[in-house]
Every structure is written in structure tokens, then in C-alpha cells.
Amino acid sequence: MYNHQKIEKKWAEKWVKDKTFTPDLEKAKDPYYALFMFPYPSAEGLHIGNFYAFTCVDVMAKYKKLQGKDVFEPIGFDAFGIHSENYALKINETPRKMLNRTIANFRNQLSSAGLGCDWTREVDTTDPEYYKWTQWIFTKLFEKGLAYQKEALLNWCPGCKTVLADEQIENGVCERCKTAPEKKIMKQWFFRITAYAQRLLDGLETMDWSDITKHAQRNWIGRSEGASVKFQISNSKLQTPQHRCATTGQANSKSEISNFKYEIEVFTTRPDTLFGATYFVMSPEHPLVEKITSPEQKKEVEKYIKKTGAKSDLERAEAKEKTGVFTGAHAINPVNNEKIPVWIADYVLMGYGTGAIMAVPAHDERDFEFAEKYNLPIRQVVAGKTQKHKNTKTQKHCLIIHGSPRCDKSKDTDYTPDNIKHWLGWLKKRLENNNYKVYNPQMPTPWEPDYQEWKKQIDKLDINENSVIVGHSAGGAFAVRWLSENKKKIDKLILIAAGKTITDDNKRLHNFYDFKINQNIKNRVNKIIIFVSEDEKKYRIASAKLYQKELGGELRILKDRGHFTVTANPINKEFPELLEEILKDKCFVGDGININSDFLNGLETEQAKEKMIKWLEENELGKGTVNYKLRDWCISRQRYWGPPVPIVYCNKCGVQAVPEKDLPVELPEMEKGWEPVGDGRGPLAKVNKFIKTVCPKCGGSAEREPDVMDNFLDSAWYYFRYVSPRDNKNIFDKKLSKKWLPVDLYVGGNEHAVLHLMYTRFIAMALHDLGLTDFDNPFKKFRANGMILKDGKKMSKSKGNVVNPEEYGAKVGYDALKTYLLFLGPLNEDRSFSDSGVQGAKRWMERIDRLEEKINNNYEDDKKIIKKLHQTIKAVTDDFEEQKYNTAVARLMKLTNSLSVEKNISGQTWEKFLILVAPFAPALAEELWSSFAKATDDKAERFKQSIFKAKWPKHNPKLIKDDIINLVIQINGKLRDTIETPINISEKEAQKIALESDKIKKWTNGKKIIKVIFVKGKLINIVIK
RNA sequence: GCAGGUGUGGUGAAAUUGGUAUACACGCUUGGCUUAGGACCAAGUGGAGCAAUCUGUGCGGGUUCGAGUCCCGCCACCUGCACCA
């Protein structure tokens, strides 16, 4: 009987006692460092997601051990930090007391779960012996100028009462307490991670990490190439001519320019559009705003700053309309010396670039939106390339649907075929001038247009998001009907005196185009404009209003209808202009050819960029630059539960790092008053005994920095410490680290992509540059695991669907639980945990257990079984190499099924089988291994030792090969028969056999064989006609 | 909006990389063993059809003797990032 509780407990204890998974780091010859993501000992115990990641590492570690490697699987606790502290606050206990309990609980859980942890090298980040080195890293970075203090606009979390790093804001809220952070200007400590931006980016190229992780890091670093341009800003009220012609206008006189007082740099990715910069915008938080604002605008500006300051980033991003105010100041566009107004607006972020931009409304959507709202000038400087240069994807299309000509049947002679032709010609020309490709399919029947016939033509056309549909009269109704009946997205829909249709409340205007208007059209069309004229027939006006009611969009009622029918010139005066306005791109952000740009005219975007950069550099007005989104890592936390920043402020000597001999700066154990205060300083600020100290340089009285360091620093270097956790002279043992580092395999959730994993890479690079290591990628192989869902849904406490590993460990056993988790699916994808599924894994354990009865040492296995065994060895081994644990388990299950129908199983097969199973179900495998020792008496010493001392089996290629196969016979690529043949059957023979088959004859009978395709050892395909 | 990913039975998912679609498991159906079973054993299980056979990997095209796999065009969902100049 399989008693998982008994055997799992027994082996977990025995492994620790026998040091089965405790390698001798000094003597090890073939090291393999398998690392679990540093767990923080939460009071809720081990989370299934972490447990899964641990399992992925552990299974590989066990496999590697069986392959003869010296495997190191250390464990420790990331016990400092806001997460632990917040929980302690919640339960009103000191973090220390709470952790004593939760760590014990964690240790207990982890050790009973059958993971091969080396408990002799446990580390705890809250141990002064550990954080001494965390602080030491700080001081080293400080020496190198990589740790520095600055005043900056920071994310202040009112929930956690501390500043946070940018990386710790997720979806606009605090990663820990989900509060929206406020923006505050504060002086804090930073790590200069931006100094490594390019290296962090370049390193990704060659790293064997999950693509999604690398991708997330790439995005976060956010490299963009462009130029920085210097603008002179003035708050004086000098009168200078506005908006001179860029090409011919004279420069402002020297004297005028010299009165400008400030120089502000902007970053742009589009230096080629510099001639189109018609205004200048600064972030409301920009430090110079106050100085440049004119007295007249002061009130407005201050009001605006106050208003936006109160908004969180999240609120700002969600704001539908851009807002801003004029500062009264002007900037000089360096390329043409134009005087352009300086605004402040919160769509310009202080945190990116320089916090100021040149606005090019014609070629940037945000600037355009802003310019339109505040009536700022828009100047086009890039033209879309001519049709020849355009590819089909960006080619704009226009579909004109004209109305039904009334011919001579009606006295309404406006709608004669000739007039329509004339009107179409005019419209077509207009559109083509605007770079549209025009379609105008014929209406099949002139007087009673047949929608279905017409639709057939339209469906063939390439109508897409760039397309405009102009529908005139009946054509308008057709357009709306066509859009109602499909899901196409288009750019603009223009209805001109559109045909009649039924109303929403069934008031029938006309049943000619009887259909239901799909309200959803408005979501699929960027702009809807409905034209009708005052002098149209009443029903047409009614119908236009109806369309507007149903579709939304703008309704333009024009004065006269000349433009619709074009019986004679002149065409209605309003319409051409309006049409022109509508057809123009709201702003063109793509590449094209420069116009209105002096020396850039005629150049394509790429060349224009290059030339502009060259020009800026020659004139010392700017230069080509690379900008990164990545910002420096703010590591100060106004909290208690972390390693104190090892800095001393001396009135005489200034800011001093605590020297190595004085480290660690111990965190005082506090029973009371350790709660965060929220006044911008950590609670340690009030602890005089801690704060008051002496200057390490002059010995005079000094004060300590009261803040502690970000928890992510603790975990950014822990893998170093594992190799020599008790070394009190060095951060790590150089010899051992050289041997064991970097880590061979690391698995964890991708939520750490830009946090832990980015910081760790940075610290690794910094330590490398300090000459401490010879590598700068900490983890040779990293795999991001998918999320474990419960029955298809995210697990959460509120839903009550949290899977607790301990519970399942007790119910079905950790062997079964771990196996099930791995079996669920590929490790990078999300998969769904189900209770009945985990039972299946347990049944497998029981089936394995029952096989034991069949072992017969005097038995020799059937060839078939040996073949299956060897095929499985190969497949499982291959799967391990690719970390396809799910299929490895499936293969072992299959082998189990094959074995369970046998009456006898030989000892040799059993031995190999157990080793294959051991990484997944270590306790069961050990148990059966040790009881096999009894069965074999003392013939084999090895069974008395742990199974993990055994050797992973090797497959024998000769035994795997099939000599008989099922040859697949296809007719025209479809399976019609399979026939057993020797594997090396020749094409001729195969063809003969195939054609003799009754099943095949049935198909070939009376048909002509055109071709025969033969794939050796696989199939024969007969092509017939 | 941008980027990345995914789409195959009732469910989780396989598919040797262009060659028998649905391995393995869950669930379900039927039968056996049982006082009983949420245990075990046996058989079955994509859909339609009595059958031969047809059909079937999100949808529509294409390449090919042959497409889940490759190409083009859509659709849906998920995950990041998001006013990034």
C-alpha cells in the first residue's frame, strides 16, 4: 500500500540526515548551481506559484545529480522588506517576532516537500552578518560614484509611507499595497543603473533567458535614438515677428536673442521635423517653469501646477483631453530663429528625456491634439511619399459610392448620368490630389440599385483602416448597410445627402434600403461626417439627422446643394474646403519627404534626420543622442525593516560612507515606534541612539542616514552569499565563487523581469567592474514560468480558490503534487490546476507502487518492453534537456502502463525505471529503491544507498530502432491504408505492396496514377486522377 | 495605441519540426469485482452516418503530392508597456 505521508516524511528526514543534497563545494568536480527564487517567508506560507518554480529547478537539479554532476541547491530567506513589515503592522507584532515564526514554518514546509535543498548554507537577509555585505555593496558603489544622492520628483506611496522605485509601480499603483503614488520632490539615494543601460541592453542579445523576460527588459530600458536640441528661452516681453517663413525669413537680430535667459535642451526622435516645431512645452514640474513664467501668466501657471500636482500619474494618463497653459515665455527655434510660445502641459513628463519638448503638431499626434485645442500653429514639414513609393499597407483608399441616377424618368434632372459623371470626376480628382487611390464601382442597375450585386464588387476591394468611404444619395445608405453587415474598420465615412432608410422606432421613411443600422459602426470608424444642404428636400434633411442620431459623427448642413449635383459650375463654395480639411491627415507620423524645411527639403526622413543632426552639431546647437526610458534606481525607503543606508552626515566632512571595519550599521531592535511615520523620514530618525554617531573621518559628532535600503538590494546579490554564507571577512569566497558561479539554472515568475532580474543584472555588472567576479550575467539560464490558475481563473484569497501546497502535500503527497504541476503543461505557459487532475498524478504513484509485486530478478524482459524502456530513456532525457517536463511525465506514465500489463518485470528494467521516475517522485523512488535492496539481498550494494547516488540510464540506440514499421499509404495525401513492412523497404517494393492492397485497389481502380511519392521508412503517397 | 504571446476534443494538453491529428492525463459512458465505493480491472470516447465514407486543429485565401505546422489577409482572447517626445 502506497502511504505517501509515511514515506515522504521518512525520506525528507533521511536526506537531511545523510546530507544527500549537501554537496562539498570545495571538492566538487562538476558543479551545477540550481537556484530557487529567494522566497520571502510570508505568513501565508509557500505559494503554489513559487512552489511550482522551485519544483522546476529541483527536478532539473535531481536529473543533473543523477547524471553525475555535483549539484548545489541552496535556500534562504528574503526576510527584510516592506512585504514582511506591512504584514507585521497588520497583525500588530514586531517583524522580528513574526519572522521567527514564519521562517520556521517555511523551513518546515520546504523540507517536507522533498526538495533537494542544502540546509547547511541557509542565509537570512535580516542577519547582520548578511546585511553587512548588502551595506558593503552600497559603500563600494558609493566609492565608484554609482550610489549618489539627489533631489528628484519621486513616487511617494501614501499607503506604505515611503518613496518607491519606478519599477515598483505596477499599472500606476504601488506594487505592494495597490495605492496610487503621489509625486513628491525629495532628496534620496539612488543607484546609477542608467550608467549600465546600454550594457544591460546589449547583454540580452546573448543571454539564454526566456524571450518574454528579455523583451520586458528591452522595453523597460527603452532605448531610442534621436537628437538633443538646445532652445533659448526668455521671460522678457520682447517684440519679435512671429512665425517667419522658415525658408526666406531673416533671423531675429542678435540683440533680441541675447536677451533670452535660459537654455533648455529637449530630446527628440524626429530631428527631421525641427522646422515644424511651432511651440514648446515643459512639464509642469520642470524646475525652470517658475523662472520663465511671465508676471501676467503667473496666476494661471500656478493654478495649473497645483491642479496637475494633485493628480496621480494614473489619473493623468486617463485624462481624456490634454490640458496646459501658456507661460508667457518664448523659445527660439534654433534652426530658423523663430519665436515660439512656451507652454506647460502635463502630457509632457518630467521623468522622460529632459522634461521639455519641442512640439511638432503636424507630425506628432499628441502635439496635434494639443495644438488643435489651444489653436497653436501647425506646419507640415514632412509629406507622405508619392504613390509610387507607398506600399499597399499605407496606401489610403477611397471608395466612392454614388447615388442612383434618375435618368430621364424624373424631372429632378440634377441626377442625370452626365451630371453624376461630372461630379464624380471632380471628387475623384480631389481625392487623388490627397494621395488616395479611388474606387468607384458601377451600380449594377441604375434605377433600383441591387445591393447584393453591388456588394459582390465591394467585397473584393481592399477597404481597410486607411480607407475613406464617400457615399452619395443611395450610395450613402449602401455604405451604412455594408458597414452594418461586416466588421470592417475604416478611417472616415462621409455621407452626402444620404439615401433614406428606416428609423430606429420604425417610422418608415422609405423601404428601399431596408436594413438595421448597426450602432457599432461608430466604433469602427474614426470620423463620420454627414453632409446635407438646407435647400434639399425635407426627407433628405430628416434622413441626415437620422443618420447622425444612429451613427453619431458630425452633421454639416450647408447653404446650397450645388456641390452635390454639379449641374454646372460653380461648385458650392463651402464644400471643397470642408472636404479638403476632412481628407487631410490629422497628422502624419510616418516617414516621408521633407517640405517647408529649408536645407532638408526633398530629403527622405532618414537622411533628413542625419543631416539635421550634422547641422546641429556643426552649429553647436545640439547633437545626436540616445535616450533611455530607464531611470536611476531609488533605493531609499522611509521604513524600519531593512538594512540602514550606511551613510553618515558630518557637518565638517559632509557625506561619508561608513567604512568596512564599522559595518554592519546595525538596525536597532525596536519594540515600539518602528511604524512608518509618513513625514518623509524613516522611523529611525527618531532613535537618537541610532542617529547620533561620530564621523568616520574626523571623529566629530555626526548623524546617520535614517532611511533603510530597498529590499530588492538584499535579493540582488544573495546567490553570491550562498557559496560562503559564514565568511565574515569577504562578501563571498573568491575561489568558490569562481568555481560555482554564475548560476546554471534559475526559474521564476516573469513579474520580476524589470525588478529583481534587472537589479540583479545591474549589481552583477557593478561587482564585475569592481573586479570581484569575471562574469556579468548572474544566471546562465533563466526560464520564466507561467501562472498557475485554479480551474481557469486567477487564484486569489477573495475568490477563495487558493491552492495551498501543504494541503495537497497532506492529501495526495508532494510527489504527486509536484508531478502534477509539471505534467499540467509547458513551463512557460499559464495552466489550470484542478483537484481531479491532481488525483490522476496520485493514481500514477499508486500504479508505480503496485508494479513492485511484479519484479522478478530471474526474469528477462520481452524485447518489446526493453525497446519501450530504451525509447523512454531517450525521450525523457531529451525532454529534460529542453525542460519539457510535461511530456517527460507523459512518457513515463505510458511506460508504466506498458509495464503494468506484464506479468513480470526484470530487476534491470525496474532499476532503470525507478531512476527515471526519481526526479519527479523522489520519495517514492527512494522507497522502492531501498525495498528493492531487500529483494536483491546483498547482491548489489548500491541499493542500500540513496537512489540519487545512482547513474542515469543511457539508451541503447540499437534497441530503439524499429525494423518493422507501419507503412502509411496515402491516395492524394489522404490516409487510406497502413501495411506492416520492413523499415528499409525500397520504393519499388513499397509501391508494389501498396497497389496490391485491396483498400488501395478500391481507390485506384479505373484511375490514372500520375505520381508516386515515397518517404523512406514512413509513407508512400499515390497521386491519382 | 505599441510590443509580445496564444487559439487543436467536454477539460489540461501532445504531435519526431511539412508526412497516420488528438499521445499522456482528467472527465464521461458501459461492464466486471464489491455490503458499499470518491478504490481497482476491462472496453469505449472529436463530429455526422447503419455503413462504406465524409468531415475536422479560430476564420478566409495561397504554396505543396501532402499543411495544426510554411506564406498572405482577418478575427478573438491573454500578457506586458503605455501621453516615452
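Below, chain A is the first sequence line, B the second, and so on; all start at residue 1.
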Just N and O in the side chain of [X]: are any of them under 4.0 Å from OP1 or OP2 of [N]?
| X | N | answer |
| --- | --- | --- |
| A/Asn897 | B/rA25 | yes |
| A/Arg843 | B/rG27 | yes |
| A/Lys894 | B/rA25 | no |
| A/Ser224 | B/rA85 | yes |
| A/Arg976 | B/rC54 | yes |

Exercise. Below 6.0 angstrom between ring centroids: does that apply to A/Tyr279 and A/Phe231?
Worked result: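 Here the rings of A/Phe231 and A/Tyr279 have centres that are no less than 6.0 Å from each other.
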
Same-atom distance ([atom1]) from [N] to [M], integer angstrom:
| N | M | atom1 | result |
| --- | --- | --- | --- |
| B/rA36 | B/rA21 | P | 45 Å |
| B/rC2 | B/rG19 | P | 35 Å |
| B/rA48 | B/rG12 | C1' | 27 Å |
| B/rA15 | B/rG7 | P | 12 Å |
| B/rG47 | B/rG66 | C1' | 23 Å |
| B/rG37 | B/rG32 | P | 12 Å |
| B/rC65 | B/rC59 | P | 25 Å |

So, [X] and [Y]: side-chain donor and acceptor under 3.5 Å apart, yes or no?
| X | Y | result |
| --- | --- | --- |
| A/Gln871 | A/Arg891 | no |
| A/Ser224 | A/Asn627 | no |
| A/Thr896 | A/Trp844 | yes |

Exercise. Which letters describe nucleotides 61-69 of chain B, given B = protein heavy atom under 4.0 Å from base, S = only from sugar-phosphate, - = neither?
Worked result: ----BS---

Exercise. Reading RNA chain B 5' to 3', how would its secondary structure be written in dot-bracket notation, given Watson-Crick and G-U pairs with both distances under 3.5 Å, brackets [ ] for crossing pairs and | for partners on other strands?
Worked result: (((((((..(((......[....)))((((((.......))))))(((....)))..(((((..]....))))))))))))....

Select base, sugar-phosphate, or nothing to describe what [X] touches, counting heavy atoms under 4.0 Å on all strands.
| X | answer |
| --- | --- |
| A/Asn750 | nothing |
| A/Arg631 | nothing |
| A/Arg218 | nothing |

Exercise. Are side-chain heavy atoms of A/Leu755 and A/Trp220 found at a separation under 4.5 Å?
Worked result: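 They are not in contact (no side-chain heavy atoms under 4.5 Å apart), so the answer is no.
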
Problem set entry | Pairs where residues 1011-1025 of chain A contributes a residue and the test side chain to side chain donor-acceptor pair (under 3.5 Å) is met, not counting sequence neighbours |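 Non-adjacent pairs meeting side chain to side chain donor-acceptor pair (under 3.5 Å): zero.
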
Exercise. Out of A/Tyr304, A/Tyr374, A/Phe280, which one pairs with A/Trp343 under the ring pair (Phe, Tyr, Trp, His ring centres under 6.0 Å) rule?
Worked result: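 Answer to the ring pair (Phe, Tyr, Trp, His ring centres under 6.0 Å) test with A/Trp343 among A/Tyr304, A/Tyr374, A/Phe280: A/Tyr374.
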
Exercise. If you check every side-chain atom of A/Arg831, which of B/rA25, B/rC40, B/rA13 has the closest atom?
Worked result: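 Closest nucleotide among those given: B/rA13.
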
